[in-house]
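Quick notes on the structure that follows.
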Amino acid sequence: MGLSRLSARTLTARPLRSLLTILGVALGVGVLSASLTLGAGLEAAINRTVRDLVGNADLRVSAFLERGLSDATVEAIRTMDGVSVAAPIVERRTFLSGVSGTNPGTVTVVGIDPTTYPTVHPLELVGGALLLRADERSAVITEALATAEGYALGSELTVLGAGAPTHLRVVGIVAGSGPIAEAGGRTVFVPIDVARTIFRLTGVTRVDVVLADRTPSQAAADRLAEVITTEPYVLATPADLAAGLRASTADFQATTAWLAAIVLFVGAFLIINTISMTVSERAREVGLLRAAGATRGQIIRFVLVGAAILGVLGSLFGLLVGAGLGALMANSIRALTGFAAQVDPLSAGSLALAFLVGLGVTTAGAMEPAIRASRISPVEALRARFDVPAARRGRLIWLTAVLGFVAVLALLVWPPASGSIGADRAIVVYGVLLVATLATPLVLPPLARIIGLPISLILRLEERLARGSMARDRSRTALTLGALVIGLAMVVALGWTADAARHRATAWLADVVPGDEVLTSIRRVGRTEPAQGELAALPGVRSVSPIATFDLAYHGVRIDAAAIVGADFLSDGRLTFLDGDRATALRALDTGGAAILPEAAARRLDLAVGDSIGVALGDGATLDLRIAGIVSRSLPSGGGEAILVGWPDASGPIGVTGADVFAVRFVPGATPAERAAVETLAATYALEANPLTRIEGAVVDALGRVFGLFDAFSLIALLVAALGIVNTLGMGVLERVRELGVLRAIGMTRRQASRMVVTEAIVLGLAGSVLGILVGLGIGAILLQFSGDLGRSPVLPWGSMALAGVLGISCSIVASYYPSVVAARVSIIRSLQFS
Amino acid sequence: MPAILEARDLTKQFDLGATQVEALRGVSLEVQAGEFLALMGPSGSGKSTLLQLLAGLDRPTSGSVVFEGRDISRLSDDEATKLRRERTGFVFQAFNLIPLLSVIENIGLPFTIAGLDAGRGELRERIRDVISLVELTGKERHRPDQLSQGEQQRVAVARALVTKPSVLFADEPTGNLDYTTGGEILEALWLTAEASAQTIVLVTHDARAAAYADRVLVIGDGRITDEITLGRRQDHSAAPLIARLAQIGL
């Protein structure tokens, strides 16, 4: 029989241990494979979405100002040199009238030029015909909308706009959800002139351009800059849009990637431990093989073949696990960003990479035991066991090497879209984990002694024997504990980060929103419309403050802005000023010519109180706004925080036509009926009412979904750690079969034997929990330091700490079940014959 | 005087897959209180199996074992455990000490297992007495790996005696020891039999060890094939026993 076959038989001789290792590898590879397939799936989805979004367009010229791009600009683009087709488009969100049920009836109305649009965006019809004239009162709707609302060809739709409702006849139905991803399938295509009439617009939202040479180039961008001189615009290529979409998922992908690396690392603990145990156990056999003439190289191969078998099986199984996890992660991304990533679990490249990584980690993990085995002297192996301290040093040095290997792998598979996002975090977290792992064997004995004290009051013998058993092979115990510590540390660190994020989100809203209820509109509500006045007149309402969110162009960069009534914020006590006088600054907004900056924007744009910013207005004109104050947090807007300006500037030079948010503050003690009256009135103006608590709840829910997924990763790491505990405790029982036989022979009951193993697990679990919580707090503090939340958020994550404690102990106790049963069933006679 | 330990027509069969091995084929014997009995025989004769049945470590296929007037061959696991803890003591061929426990902790183990505090009162005195009996005074805090093989076996003897068992069972207690050290262990066992009227059942294949016993039962092929009464002697010379064994062809 060849050594390879002997190696395979070594694995089948200990089926449980081999199975546990395979599971450990599988979970690590599964998480990694899921991250990779998710990355590939996202990339494919991004490309698909971009294709849907821009169709055949090579450039997209979007209006910067609310009034849109003027006809003159559209004409200038159309007639520009090198432009083959220029399709002007109006896009607005609004409501359909007469839509029943709980659905709010929101739709995205897309005004198109019937002659140019189909060239840029070929629409696949499932019924009817395309629009023909720019002014016909007809609509083409998506199949999804038709199904949801029961429309058919010939049905009449009523669209709410700036004036009276507009009635349109459905003449065509587009397949599926249509090309507008953000519309959620609820798109209504209307002729562009009809759309302008509905929303009382003079300009267009954007122009999609097909170039004659089909190549977006700097030359084309320069030519556009020459022809569009009167108003600011945003130029995007399909590649820019793809980059934007990638950026929206990059942080998520980066976090999943480093969590996957940690799970894989914990898996490596298990692998090293298992192979190491097998080598120790087989020392005598290895010695015999050496005595019989096996070379060191053959012994290394003997061990590595065994590891490779485990690696191949584990990795294959891991790919299955990964397929399931990938789907789960894709769902999370969909829930979070609305971005539908279809994960293809059969992406060959990702599968191959995950498989090779699994095999690589297993082989790397087995290398140290293999080398150690090759160094066994035949005489020494046949005489006694290994020199444990030497093995300990070797194992920990090798563990460091494996950590390095996993870190390099993590860098190799780092999502390209993430760039350096989170890489610094990941490196520091890795460093902390490494230090914690190396320190574990030093800390364990005194810690186990302290933890054992209260247990020894009740279970004196069991505690004494359990502690002794842990000290028997400290490096093995330390490796097992290390895996548990990492899993628990991630639970605590992520829990703390989640707490901080929730706290930040809720505290932010309370600090900046001057109301108990926020009414939002998907269309601008003009300042002259009666809505605000009627709401303010309702009993129980103290104030109604109009807010408009929009974009500003400053030095060619888009910045988020919001128009507010300074007096409302002043009387309501909102905003925390870091610089500038509160009353002066807020009053200055209402006078005009002033702005208030959030701290982050002030820092980014390098602006201070007293400076001026010139925002582009179109026609080459700029509006100078003096910085009247800097606040710690401003209103949330778009991707960040808004620069605050007064209504005189917003509705004047900037051209904002109305508010899209109303903050309603109730008088203290307002009754539920009075609150309900506000919501009822709001509904008549198509305003969606959201109590601040509900918004906070939604924010917390969204964060919960992100962190829920990350927690799932931590739990997988814990599961792998638990497999390691089963392995270690099981090995401990096997090694002590003779001892257990003696104890049973001199009067130890089966229950006591079982309790001894469980006690060991409890001490291990408690020690893991204590260390895991401490390391987790360290990592959490580092992560919070990176996000600038340290000190602002809850002092300590008590909930997560308690959870880690419970998980650590219960994980260990559950893991000890089987070994404890084995210990209880030890046959006295056979154990005394055992050697 | 009734026997303290009695075996009645014991048989024991082992299933080895397709075949069955009959280790004992109807063994009956009696052990009197204070007696030092040796079970002798070659390897595979069934002597260790007989000891295991007598000590309640295993159950016979048929027949019964009566210990202090009580049939112990059908006890539940807990009852058998209690019996082993309180009424019997064991010395094994391998010293079978718990490596992480000190000498004093190993000796006090039966008390600790019983939930008693071995560090106080009468129990402490008892442990001190047996340590003195096996001449290990001064080495109480040593761990097994810091002791010689003979000392380790003496710890095992002390552990077996500390509960003042009715019967002390010893299975090849000198099998792993050199001539001199083995002699010391046998002396220690004999002394307890002599000084405290300790009942001892010793399994051995070594005539020199069996020569310490009052009576020797020779086991062969699962049966008692001979009985040699030596009586209590200060002189433990093996010569008479060897001569007798030669007569019966062993």
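Within every chain, numbering begins at 1; the chains are lettered A, B, ... in the order of the sequence lines, protein sequences first and strands thereafter.
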* So which of B/Lys82, B/Glu105, B/Arg85 has the biggest tally of heavy-atom pairs under 4.5 Å with chain A? -> B/Arg85
* Structure fact -> For residues 810-825 of chain A, the side-chain hydrogen bond (donor to acceptor under 3.5 Å, both in side chains) pairs (sequence neighbours left out) are none
* Would you indicate whether the side-chain heavy atoms of B/Val27 and B/Leu217 approach each other to under 4.5 Å? => no
* Asked: Using non-hydrogen atoms only, which part of A/Gln752 is less than 4.5 Å away from chain B: side chain, backbone, both, or neither?
  -> side chain
* **Test item: B/Ser132 side-chain N/O and B/Arg128 main-chain N/O as donor-acceptor pair under 3.5 Å** => no
* **Side chain / backbone / both / neither for A/Leu459 at chain B, heavy atoms under 4.5 Å** => neither
* If you count heavy-atom pairs under 4.5 Å between each of B/Leu57, B/Asp171, B/Asp77 and chain A, which one has the most? -> B/Asp77
* Asked: With a 4.5 angstrom heavy-atom cut-off, which part of B/Asp117 approaches chain A: side chain, backbone, both or neither?
  -> side chain
* To do: Give, as side chain, backbone, both or neither, the part of B/Glu86 having an atom under 4.5 angstrom from any heavy atom of chain A.
  => neither
* **Heavy-atom contact with chain B under 4.5 Å, split by part of A/Arg751** => side chain
* Any donor-acceptor pair under 3.5 Å from B/Gln146 side chain to B/Arg143 backbone -> yes
* Asked: So do the side chains of B/Lys164 and B/Arg126 get within less than 4.5 Å of each other, counting heavy atoms only?
  -> yes
* To do: Decide if atom CD of B/Glu140 counts as having more than 12 heavy atoms of other residues, nucleotides or ligands within a radius under 6.0 Å.
  => yes
* **Closest-packed option against chain B by number of heavy-atom pairs under 4.5 Å, given A/Arg464, A/Glu462, A/Arg460** => A/Arg464
* **Contacting region of B/Asp78 [heavy-atom separation from chain A under 4.5 Å]** => side chain
Report, one line per pair, each donor and acceptor closer than 3.5 Å where one atom sits in a side chain of residues 67-75 of chain B; sequence neighbours left out.
unit_1  : atom_1 : unit_2   : atom_2 : d
B/Glu68 : OE1    : B/Arg87  : NE     : 3.1
B/Glu68 : OE2    : B/Arg87  : NH2    : 2.7
B/Glu68 : OE2    : B/Ser166 : OG     : 2.5
B/Asp71 : OD1    : B/Ser73  : N      : 2.9
B/Asp71 : OD1    : B/Ser73  : OG     : 2.5

